[in-house]
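For the numbers below, each heavy atom of this structure counts, side chains included, while hydrogens, waters and symmetry mates do not. One-based numbering, in listed order, for ligands and for the atoms of each.
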Amino acid sequence: MKDTDLFQLALGLSSPWTVTRSTFDADDGRLDLYVDFPRGSRFACPQCGGPGCAVHDTSDETWRHLDFFQHRALLHARVPRVACPDCGVRKAAVPWARAGSGFTLLFEAFVLALAKAMPIKNAARLVGEHDTRLWRIVSHYVWRGVERQDLSDVTRIAADETSARRGHDYISLFVDMAKRKVVYVAEGKDAGTVTEFADFLEAHGGARETVSDASIDMSAAFEAGIRQNFENAEITFDKFHVIKLANEAVDDVRRHEARNNFQIKGRRYIFLKNVDRLTQEEKEALSRLEAQNLDTTQAMQIRMNLQQLFKMDAKTARRFLARWNAWVQVSDLAPMKKLAKTIMSKADGVLRSIATGLSNGVMEAINANVQAAKRKAKGYRTKRNLKAIVYLTAGDVLQSLPT
Ligand SMILES: [Zn+2]
């Protein structure tokens, strides 16, 4: 077998394309593969698909292919422009790359696999390309996948918001609860993002009126957006969002108390983590603080009690919630009282999430994915890139990878 035959097989080329020549430069560490077609070959028109068009002229192009062991591999070919009787002169498609990409499909598939596993910056370093070129590949496939989504069977949704950069602007995520995947990402966190999602849903086979459940946080914006757009949707406030709100209230109490108590300063996380996840040193610090009967430890107990709610059946939970609220209201902790008031005003939605078990664990998992995505998108340059990474890690938009 000649080396050109071997490469021919490895590249999966079919007629009329053949590998005609290969050169290997050991000093440069690069392999060059030359692909060509015989004189008189005919190609389909890329516009109308009409077969058997004659070649009008050609232009030389180069693509980066998967490395050959540790060596950079480049594919060279003269790409024909065909003369179509209906469309005129058009550049033919080549089977190993998409138009306009300087990479073969296999190389692009490799980049996408890397992008799922590591920050783009690291992937760029690994393959020795500038990160903007990798972003371009990721963007192409992700946005194509986003547009190709079929959302016709979406009936139960969830929404969540997350900050795009530290403390700065927000993105809102919309989740198909059945598939446990992010299906839409909007910029901002107002009611308008829900309308944007509803329009997107309908443009992709879904319908506003078939959405029966929406699991959201307690922000007025999402609730208003859901009521405006999904009139048949029952709203639930899931555990993830309830506990998130409770954590914020605990943090309020702590911040206030830390102004007058140096022992709490720099100890933020021991009040936010679950006790079983603390180190020995942290546990000891926590029990020392507990002995002082601090506001923060009291707030934390209130939060932990609230967590018990999600282990009960719906009927017990309703009674428990009323007692919990009564207990919180006699405390001296304004942020906790406000929390309890908010939860009581949304009690039906909170208890519904217990009754249906709708979002158990889903939003936690999505959130963990999105936090990972944000870390991976570090240096993402544009918000569109951040959105692409969220789709890539928490969505299901790459059903058909290039091969
Ligand atoms: Zn044509």
For this session: Work out the angle at the Zn ion (ligand 1) between SG of C87 and SG of C45, rounded to 10°.
Result: 110°
Exercise. Is there a donor-acceptor contact under 3.5 Å from the side chain of T193 to the main chain of K189?
Worked result: no
Exercise. Distance-only, no hydrogens or angles: does the D176 side chain make a donor-acceptor pair with backbone N or O of K181 under 3.5 Å?
Worked result: no
Problem set entry | Residue C53, metal the Zn ion (ligand 1), N/O/S under 2.8 Å | no
Problem set entry | NE2/H256: more than 12 non-hydrogen atoms of other groups inside 6.0 Å | no
Problem set entry | Mutual orientation of the aromatic rings belonging to F222 and F174 [parallel < 30°, tilted 30-60°, perpendicular > 60°] | perpendicular
Exercise. With the Zn ion (ligand 1) at the center, what angle do SG from C48 and SG from C84 span, rounded to 10 degrees?
Worked result: 110°
